[in-house]
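Single-structure report; data block below.
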Amino acid sequence: MPSIANLHLTLSLLLSILPLLSSSSPFQQDPIRIEPYIIDYRNDTIVFLPAQPDSNRRIPVLVYFHGGAFRIGSPFYKNDTIHLAQVAAKAHIIALSLDYMLYLDGTVWDLYDDAWAFLKWVIAYKFESHLPRPDPWLARFGDLDRVFMGGDVAGGNITHRMAIKAGQAQLPEYVKLAGAFLTMPYFFGSNRVGLEPETITMSNNFKIWAYVCPNCIAGVDDPLINPAGIGAPSLRGLGCGRMMVYVA
């Protein structure tokens with residue numbers, strides 16, 4: 001179960017933004033209902049469901065990874081909660097976001113393993129009817145033939161890494177993610193690209209990578225952060241039907 005502190009923090013944040021999200025619907029607890037969506041918690045995961053799902057029709061599933069340069073952030077943060085709730089409501093999907101391990105609590109590989117275990121847990125619903133700590137919304141409403149991934153900044157990096165792993169025969173061969181999107185993904189390289197400013201090497205995110213992955217000999221040209229770097233796996237092997245990348 002999530003900590004009471006997390007629940008109380010998120011509840012207070014949602015109460016503070018309620019006028020921005022709904023002017024007509026009553027507020028209920030456990031789960032939290034704010035039209036046009038419902039929010040609930042499963043362990044370290046926050047789950048969003050459209051408020052009026054059709055019980056006779058399954059809807060797409062989005063596995064979302066938050067940003068924060070691998071060092072901060074949580075799906076329980078106010079802006080992340082608002083953003084993903086609105087996505088779930090407007091796209092009419094189930095969205096799940098993991099409060100994954102940050103690099104201060106482990107290595108970048110631990111962080112990726114956290115995300116990979118979460119993705120495999122979601123995919124497992126396609127094949128197994130009895131799972132440890134099952135999610136009732138996912139089991140009842142989720143269309144496991146339409147699973148998408150996405151993330152912003154560090155979450156975009158994680159999404160890219162998960163798509164690579166999914167394509168390297170680490171998911172059953174008959175499983176293919178429907179698609180993925182990377183929002184301003186946390187990628188770097190020693191050579192500037194396009195309109196990147198000359199001062200980019202002075203940015204905090206550029207410098208932080210050395211702490212996130214101190215064992216990456218190639219630094220910002222390591223394939224983990226430079227998808228075009230030497231030794232980076234080909235994008236032809238992505239384990240998803242399509243991928244969209246957008247920047248601001």
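Residues: numbered from 1 along the sequence shown.
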Quick check for you: to the nearest 0.5 Å, what is the distance between [X] atom [atom1] and [Y] atom [atom2]?
{"X": "N226", "Y": "C216", "atom1": "CG", "atom2": "SG", "result": "11.5 Å"}
{"X": "I93", "Y": "L62", "atom1": "CD1", "atom2": "CG", "result": "4.5 Å"}
{"X": "I46", "Y": "D99", "atom1": "CD1", "atom2": "CG", "result": "9.5 Å"}
{"X": "W137", "Y": "I94", "atom1": "CH2", "atom2": "CD1", "result": "8.5 Å"}
{"X": "L98", "Y": "L111", "atom1": "CG", "atom2": "CG", "result": "9.0 Å"}
{"X": "D114", "Y": "D105", "atom1": "CG", "atom2": "CG", "result": "10.0 Å"}

Look only at the side chain of R58 and the backbone of G142, and say whether a donor-acceptor pair between them is shorter than 3.5 Å.
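Here the side-chain-to-backbone pair exists.
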Is the side chain of Y100 donor-acceptor paired with the backbone N or O of D110 at a distance under 3.5 Å, no angle test?
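No, Y100 side chain to D110 backbone: no donor-acceptor pair under 3.5 Å.
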Side chains of [X] and [Y], heavy atoms from C-beta outward: is any pair under 4.5 Å?
{"X": "F181", "Y": "T159", "result": "no"}
{"X": "D143", "Y": "I59", "result": "no"}
{"X": "P185", "Y": "V245", "result": "yes"}
{"X": "R71", "Y": "I208", "result": "yes"}
{"X": "R161", "Y": "Y112", "result": "yes"}
{"X": "N215", "Y": "W109", "result": "no"}
{"X": "M202", "Y": "K207", "result": "yes"}
{"X": "H92", "Y": "R57", "result": "yes"}

Is it true that [X] and [Y] fall in one hydrophobic cluster, defined by side-chain heavy atoms closer than 4.5 Å?
{"X": "I164", "Y": "V108", "answer": "no"}
{"X": "Y186", "Y": "M149", "answer": "yes"}
{"X": "M101", "Y": "Y103", "answer": "no"}
{"X": "L138", "Y": "W116", "answer": "yes"}
{"X": "I217", "Y": "V212", "answer": "no"}

Worked verdict on F206 versus F188 for ring-ring contact (aromatic ring centres under 6.0 Å, His included):
CA-CA 7 Å; F206 192 97; F188 275 113; 5.2 Å; yes
Enclosure of L104 CG (heavy-atom neighbours >12, cutoff 6.0 Å)
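Yes, the 6.0 Å shell around CG holds more than 12 heavy atoms from other groups.
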How far apart are the closest heavy atoms of [X] and [Y], and which atoms are they?
{"X": "A115", "Y": "I158", "answer": "CB-CG2, 3.6 Å"}
{"X": "H160", "Y": "M243", "answer": "CA-CE, 4.4 Å"}
{"X": "I225", "Y": "N157", "answer": "CA-ND2, 4.0 Å"}
{"X": "A178", "Y": "F148", "answer": "CB-CZ, 3.5 Å"}
{"X": "C240", "Y": "A180", "answer": "SG-CB, 4.2 Å"}
{"X": "L102", "Y": "G73", "answer": "CD1-O, 4.2 Å"}

Could you go step by step and tell me if M184 and D152 meet the side chain to side chain contact (heavy atoms under 4.5 Å, CB included) rule?
CA-CA 6 Å; M184 297 181 290; D152 61 284; 5.7 Å; no
What's the verdict on side chain to side chain contact (heavy atoms under 4.5 Å, CB included) for D80 and S97, showing C-alpha distance, side-chain angles and the deciding distance?
CA-CA 9 Å; D80 291 276; S97 187; over 6 Å; no
Option passing side chain to side chain contact (heavy atoms under 4.5 Å, CB included) with F118 (candidates D113, L96, I123, D44):
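Among D113, L96, I123, D44, the one meeting side chain to side chain contact (heavy atoms under 4.5 Å, CB included) with F118 is L96.
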M162 vs F65, test: side chain to side chain contact (heavy atoms under 4.5 Å, CB included). Steps then yes/no.
CA-CA 11 Å; M162 297 304 102; F65 300 105; 4.3 Å; yes
Quick one, L119 with L177, criterion side chain to side chain contact (heavy atoms under 4.5 Å, CB included). Give me CA distance, side-chain angles, the key distance, then yes/no.
CA-CA 10 Å; L119 178 61; L177 299 167; 4.2 Å; yes
